[in-house]
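Okay, so here's the structure we're looking at.
As the structure lists them, so they are numbered: ligands from 1, and atoms in each ligand from 1. Note that these values count all heavy atoms, side chains included, but never hydrogens, waters or copies made by symmetry.
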Amino acid sequence: MPTITFATGNEGKLSEARQQLEPLGFEIDAYGGGYPEIQADTLEAVARFGLETLAGEVPEPFLLEDAGLFVDALEGFPGVYSSYVFGTLGNEGILSLLADTEDPSARFRSVIGFRVDGEEHTFVGEVEGTITEQARGSAGFGFDPIFQPREAERTFAEMSPEEKIELSHRSRALARLREHLA
Ligand code: IMP
């Protein structure tokens, strides 16, 4: 079975990728060694830098993924800083920032970087939704309890893994990768 290495230390991301790529006949190995996430304006730049850094260190083909939550009322914050902001302000911090906001629109974006035979590709996925007034649910990870996709009545954290995969930014980016692999 062909193997693709996923450079991530995030179990949630790993299991989402496995659920989507293993049915196509790919085995997903994890590389947990990490890579520096440069400070950049876009997820694409972070992903490209990660690919360059891991080239030669991680067996090809390999992929990595950089994602973020972009809140309209906060001019796209936390965006590329999502990981840091989740670790510092957390979900409650985002809810406080939006306490007086009339428009809680937000989107998750995912950029997958993929390197095979020395060639690099990026694949993008997005999901539109809103930030809820309160955190709801306990499934998933990160900002899942405060993000409700536009197509749904529940937050990502109130969904089963299969339901989240139907809608998630990461699965949409993985779908682009799947098209490429096919
Ligand atoms: P990373 O830098 O790609 O690991 O992700 C940035 C941060 O965005 C993570 O620490 C999570 O807090 C958040 N994030 C990314 N994807 C998701 C998701 O699918 N659900 C909830 N939070 C996410």
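- Near Asp144, the atoms of ligand 1 lying under 4.0 angstrom from a non-hydrogen atom of the residue are 18 (C), 19 (O), 20 (N), 21 (C).
- In summary, Glu27 and Arg18 do not engage in a salt bridge, as defined by a charged side-chain N under 4.0 Å from a carboxylate O.
- Using a cut-off of 4.0 Å between Lys/Arg side-chain N and Asp/Glu carboxylate O, Glu179 and Arg176 are scored as salt-bridged.
- Around CD of Glu166, the count of heavy atoms belonging to other residues, nucleotides or ligands within 6.0 Å does not exceed 12.
- Residue contacts with ligand 1, taken as heavy atom pairs separated by less than 4.0 Å, involve Phe143 via backbone and side-chain atoms alike.
- With ligand atoms numbered from 1 in the order given, ligand 1 contributes 16 (N), 17 (C), 18 (C), 19 (O) to contacts under 4.0 Å with heavy atoms of His169.
- Using a 4.0 Å cut-off to heavy atoms of Glu65, the atoms of ligand 1 that qualify are 3 (O).
- Distances from atom 9 (C) of ligand 1 to the heavy atoms of Gly68, Ser168, Ser83 put Ser83 nearest.
- Considering only non-hydrogen protein atoms, atom 4 (O) of ligand 1 sits nearest to Lys13 NZ, 2.9 Å.
- Between Phe108 and Phe156, the ring planes are parallel. Angles under 30° get that label, and only those over 60° would be called perpendicular.
- No N or O atom of Asn10 sits closer than 3.5 Å to an N or O atom of ligand 1.
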_Working for side-chain hydrogen bond (donor to acceptor under 3.5 Å, both in side chains), residues Asp103 and Ser105_ = CA-CA 6 Å; Asp103 175 14; Ser105 304; 2.5 Å; yes
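- Residue-level proximity to ligand 1 for Phe141 is carried by backbone and side chain together, each with a heavy atom below 4.0 angstrom.
- A side-chain donor from one of Ser110 and Glu65 sits under 3.5 Å from a side-chain acceptor of the other.
- Comparing heavy-atom distances from atom 18 (C) of ligand 1 across Glu16, Arg109, Lys164, Glu37 singles out Lys164 as nearest.
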